Colleague: 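Just dropping this structure here.
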Amino acid sequence: MKKLLTILGLVIFGQVSFGQVYQLMPQYGYQAPRMSFDSTLQIPTVCGVPTLKSVQFVNRKGAIAFDSCNNRFYTYNPKTLTWSQVSGGGGSTDTTSLSNRINLKLDSLKKRSDSVFAYRNGTEVFQYNDPAAGDTASVVKATVRNAESFTITRGQVVFLFGATGDQASVKLAKNTSDTFSSKTLGIVKNDIAAGASGIVITQGVVDKINTAAYASGDVLWLDSVAGQMTTIKPVAPKHTVFVGIVERANAGNGQIYVKPQNGYELGELHNVLVNNERQNAVFYYDSTNKLWKAQSVYGLVDTTKLSARIDQRVRYTDTASMLSPYFRRSLSANDTIKTNGRVLVLNSIGTTRNASQKIDSNAITITATSGNATTIYSHFNNGITSITSAGTNLSTFNMQPSIVDISSANLTTTDGLNTTANVGTFWYVNEYDTIGIFPRTNGTSGQVLKLQNGAQMVWANDESGSVDTTSLSNRINTKLNITDTSVFQRKQLPAYSFQANGTSAAANSVATYFKDTSGTYTGTITWTGTTAPSGATNHSYRWTRIGKMVTLNIILVYATNGAAITALQIDLPSDCPAPAEPAGLTGASQNMYPALIYTSSSTNVLLSSTPRGFLRNNTGNTGHDFIFNFTSHAPNTAHITLTYWTN
Amino acid sequence: MQHIRQKIDLSARGQIAYTVVNTEGWTLPLQQHPSIVEHPELFEISEDAIPENFQILNYQ
């Protein structure tokens, strides 16, 4: 304003210096051509940036002008020859321009109709305006540096690695260890080049990522592959880190709500002290320090006391000598000892007679308090040898294994027969569980035990006749007579065997291999010559094996002679025992056993052909065959024989 | 399969020897085999099936 008045003063003074006639300010002020003064100064206006109408004093006089089109006031500086817009101090603020400039800034930022612009910690952010909740912080982001040597791409999960350049750094997270999972931060919003900074969504929605592999609603966990997520909840020792929920499954516009939740290891809980993991450790509560601590189970349990308590129990595997000290102990009433689920009650109370049972290494004794005692003597290795009891009305039992010897002065048999006192009797149990009593001693010589009346055994004459020992002897002799060795021929032997003693001393004979068999020869025959023997054939073979020695004979018979025969090769019959291959002669085509061959031109003419031959391994070493060489001749018959060993 | 066989006496009865000439390694036509060339009266080329119990002749 001060500046404007100064300008006005200069203008008025300039007008006066050029001889303008001034009058005392009339009522309506001073008036000059095209100007008028009263309480206001009215001047012509321009539209836009003004220009001087007169150039006479362009560099000596200042000027003012009013742009009525844009509502702007301008001043002219003769020194700089420029017009300047007057701002501030009563000048109008170009709010439209200012607004436009602000909007340019706002437009350069991403904004939504439901978001607001805000500064947070020196960073300009747009945040979601939630009118319902009244809280606009719906996406929490962090600007971090990529500490990997490669680009971390959009949608990958990262963890806080460290810091560099006053900024936290991240690397790809994975659930394989605490190092890579316990500080999981969030999901990368956009690609971050190696060493560069970028945005990580730590809570809230991350969009425009590939979630095609998932379905809406899928729970996402940190995967074992660096930077990846999985819908399969990891199992220890993999670390279970919750990453988020799939909001939209889409290949290019997928959306995840991110909210990492790192799990805790047992030792990270504030009331659990794990400072020395050890095998077979268990947790116990220290009530003094109010902590759960780890300790070896053997350090917690007093094994000495436990062992002593265990040792006081009877075990199924305990021997009699181990148990006997315990049976000598003084037991309280109704004490019980259980063995293998059965109860032996000692000192029973409440019965008519108080009784006690004693078991030691020699006997089982049952003693009644009235004094009448029944003693059972027991020799454990030989069975019960006697059962005796005190008192006049009780009997003494003397038992042998499977036989009970009863001696009694007044014992009567079931059929009323009296027994002789003290001669010894024994009783038996028949198929109807009837106990019978019969004399121990026999009667007349030659008598046999007989079942009488189906109830008892007695010595009696054999009513079926005396034993005909002569007949019995004759019958035995028909089976076996020491002078008739031919009987042994009828003894059954294993197949293909005979009995022999192959040792150098007298010994029981043993089965030794024997077989003799024959048949039509059907093996492969190969002649070498001009023509092979031909026509009707009648080939045969026979072999006999005794022990390990085999004798083989092969006869080849043809109707027509061959011509210029110099060699013959035939297979060993397939049912012949396999030859034992001598040491050093186990290879293909190696000759093992010499074979004899004679040929004839007819069955009656013996040819002189200087034959030579062997039983050998065949050329493929897959079996055995014969090979013979001759001087050239014309046979129709070949006789082959040899002896060889088998295993 | 084509092969060279020793001619068979058709008047013979019973089990007859069937002799096949060993042509292993012979790459030329069978008609040029020495057995056919030298003794066409004793050998012939046959298309018949070779029976099981045949014998072999190494012609020389």
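Note that the structure is predicted; figures quoted are calculated from it, not measured. No hydrogens, no waters, no symmetry mates; every other heavy atom, side chains included, goes into these values. So that the names make sense, note that chain A is the first sequence line, chain B the second, and so on, each numbered from 1.
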Colleague: If you count every heavy atom of other residues, nucleotides or ligands that lies below 6.0 Å from Arg5(B) atom CZ, does the total exceed 12?
Modeller: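 Yes.
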Colleague: Could you report the tightest heavy-atom contact between Phe43(B) and Thr531(A), atom names first, then the distance?
Modeller: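 The pair with the smallest heavy-atom distance is CZ-CG2, 3.8 Å.
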Colleague: Does Asp48(B), at its CG atom, have more than 12 non-hydrogen atoms belonging to other residues, nucleotides or ligands within less than 6.0 Å?
Modeller: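 Atom CG in Asp48(B) is packed in, count exceeds 12.
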Colleague: Mind checking whether Thr528(A) and Gln60(B) have side chains closer than 4.5 Å, heavy atoms only?
Modeller: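 Yes, at least one pair of side-chain atoms sits under 4.5 Å.
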Colleague: Give a yes or no on this: more than 12 heavy atoms of other residues, nucleotides or ligands lie within 6.0 Å of atom CD1 of Ile232(A).
Modeller: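 Check fails, neighbour count at 12 or below.
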Colleague: Of the backbone (N, CA, C, O) and the side chain (C-beta and beyond), which part of Ala564(A) lies under 4.5 Å from a heavy atom of chain B, both, or neither?
Modeller: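 Looking at Ala564(A), just its backbone touches chain B.
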Colleague: Hey, could you give me the OH/CG distance between Tyr521(A) and Asn53(B), rounded to the nearest 0.5 Å?
Modeller: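 Nearest 0.5 Å value for the OH-CG distance: 10.5 Å.
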Colleague: If you compare all heavy atoms of Ala17(B) against all heavy atoms of Pro533(A), which two are closest, and at what distance to 0.1 Å?
Modeller: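 Closest approach of Ala17(B) to Pro533(A), heavy atoms only: CB-O, 4.2 Å.
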Colleague: State, to 0.1 Å, how close Ala532(A) and Gln6(B) come at their nearest heavy-atom pair, and which atoms those are.
Modeller: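 Scanning both residues completely, I find the closest heavy atoms to be O-NE2, 2.8 Å.
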Colleague: Taking everything shown except Phe498(A) itself, do over 12 heavy atoms lie less than 6.0 Å from its CZ?
Modeller: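 Count over threshold, so yes.
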Colleague: Has Glu52(B) got more than 12 heavy atoms of other residues, nucleotides or ligands less than 6.0 Å from its CD?
Modeller: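 No, not enclosed.
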Colleague: Just wondering, more than 12 heavy atoms not from Tyr513(A) lying within 6.0 Å of its OH?
Modeller: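 Above 12, so yes.
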Colleague: Taking atom CG of Asn58(B) and atom CD1 of Ile565(A), what is their separation to the nearest 0.5 Å?
Modeller: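 Between atom CG of Asn58(B) and atom CD1 of Ile565(A) there are 10.0 Å.
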Colleague: Judged by modelled atom types alone, do Gln55(B) and Thr526(A) share a side-chain donor-acceptor pair under 3.5 Å?
Modeller: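 Note: Gln55(B) and Thr526(A) side chains miss the donor-acceptor criterion.
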Colleague: Mind checking whether Thr524(A) and Ile56(B) have side chains closer than 4.5 Å, heavy atoms only?
Modeller: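 Side-chain contact under 4.5 Å: yes.
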Colleague: Under the criterion side chain to side chain contact (heavy atoms under 4.5 Å, CB included), I'd like the reasoning laid out for Tyr59(B) against Thr530(A): C-alpha separation, chi angles, the key distance, then a yes or no.
Modeller: CA-CA 5 Å; Tyr59(B) 179 81; Thr530(A) 301; 4.1 Å; yes
Colleague: Leu42(B) versus chain A, heavy atoms under 4.5 Å apart: side chain, backbone, both or neither?
Modeller: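 Just its side chain gets close to chain A.
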